[in-house]
Amino acid sequence: QVQLVESGGGLAQSGESLRLSCARSGFISGYYSIAWFRQAPGKEREGVSCISNGDGRPYYADSVKGRFTMSRDKDTHTAYLQINSLKPDDTAVYYCATDKGFDTDFPCTIKSRFYDVWGQGIQVTVSS
């Protein structure tokens with residue numbers, strides 16, 4: 001049973017930074033991807049960033065590139081999202097997700113439909 005739990009969200013002011021964590025329990029074999037998404041009320045879920053345990057290179061949506069940094073700790077099975085220079089538009093519920101794992105490496109994607117297990121989401125609220 002694979003489960004994801006996000007933490008590290010909360011209230012922040014514009015220009016501040018937050019670091020979100022996504023802790024995984026359970027085992028995933030082979031190559032898999034981890035991703036961050038966010039969703040503001042009344043808006044579509046937006047892919048933010050992803051990383052694979054294969055090449056380990058993060059990818060970012062254009063809207064967050066330069067301010068967001070995704071990383072992972074393979075020993076603790078934890079993914080992180082460092083958010084710098086927070087903006088009010090960053091206000092959303094942030095979710096981490098992972099896929100089921102594969103026997104070959106694929107570039108990660110920030111399309112929701114490729115992910116199988118999701119965390120409960122964590123609120124990030126940025127005031128001006």
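- What you find for Ser14 and Pro88 is that their closest heavy atoms are OG-CD, 3.2 Å.
- A side-chain donor-acceptor contact under 3.5 Å links Asn53 to the backbone of Tyr32.
- With contacts defined as side-chain heavy-atom distances shorter than 4.5 Å, the pair Cys22/Trp36 qualifies.
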Under 3.5 Å, sequence neighbours excluded: what are the donor-acceptor pairs made by side chains of residues 93-106?
unit_1 : atom_1 : unit_2 : atom_2 : d
Tyr94  : OH     : Arg38  : NH1    : 3.0
Tyr94  : OH     : Asp90  : O      : 2.7
Thr98  : OG1    : Ser33  : O      : 3.0
Asp99  : OD1    : Ser33  : N      : 3.2
Asp99  : OD1    : Gly101 : N      : 3.2
Asp99  : OD2    : Ser33  : N      : 3.2
Asp105 : OD2    : Asp55  : N      : 3.3

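- The nearest pair of heavy atoms linking Ser49 to Leu81 is CB-CD1, 4.3 Å.
- Taking hydrophobic clusters as Ile, Leu, Val, Met, Phe, Trp and Tyr residues chained together by side-chain heavy-atom distances below 4.5 Å, Val48 shares a cluster with Val126.
- The two residues Ala79 and Ile34 make their nearest non-hydrogen contact at CB-CG2, 3.8 Å.
- Panel note: side chain Arg24, backbone His77; no donor-acceptor pair is recorded below 3.5 Å.
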Show the atom names and distances, to 0.1 Å, of all donor-acceptor pairs under 3.5 Å that link a side chain in residues 57-66 to residues at least two apart or in another chain.
unit_1 : atom_1 : unit_2 : atom_2 : d
Tyr60  : OH     : Met70  : N      : 2.8
Ser63  : OG     : Glu46  : OE2    : 2.9

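- Cluster annotation: Ile110 and Phe68 are assigned to distinct hydrophobic clusters (Ile/Leu/Val/Met/Phe/Trp/Tyr, side-chain heavy-atom contacts under 4.5 Å, transitive).
- Rounded to the nearest 0.5 angstrom, Ser17 OG and Arg67 CZ are separated by 10.0 Å.
- The hydrophobic clustering, which links ILVMFWY residues whose side-chain heavy atoms are closer than 4.5 Å, places Leu20 and Phe37 apart.
- Residue pairs meeting the side chain to side chain donor-acceptor pair (under 3.5 Å) criterion with at least one member in residues 111-128, sequence neighbours excluded, are Glu6-Gln120, Gln123-Thr125.
- Contact between Leu86 and Ala12 at its shortest, heavy atoms only, is CD1-CB, 3.6 Å.
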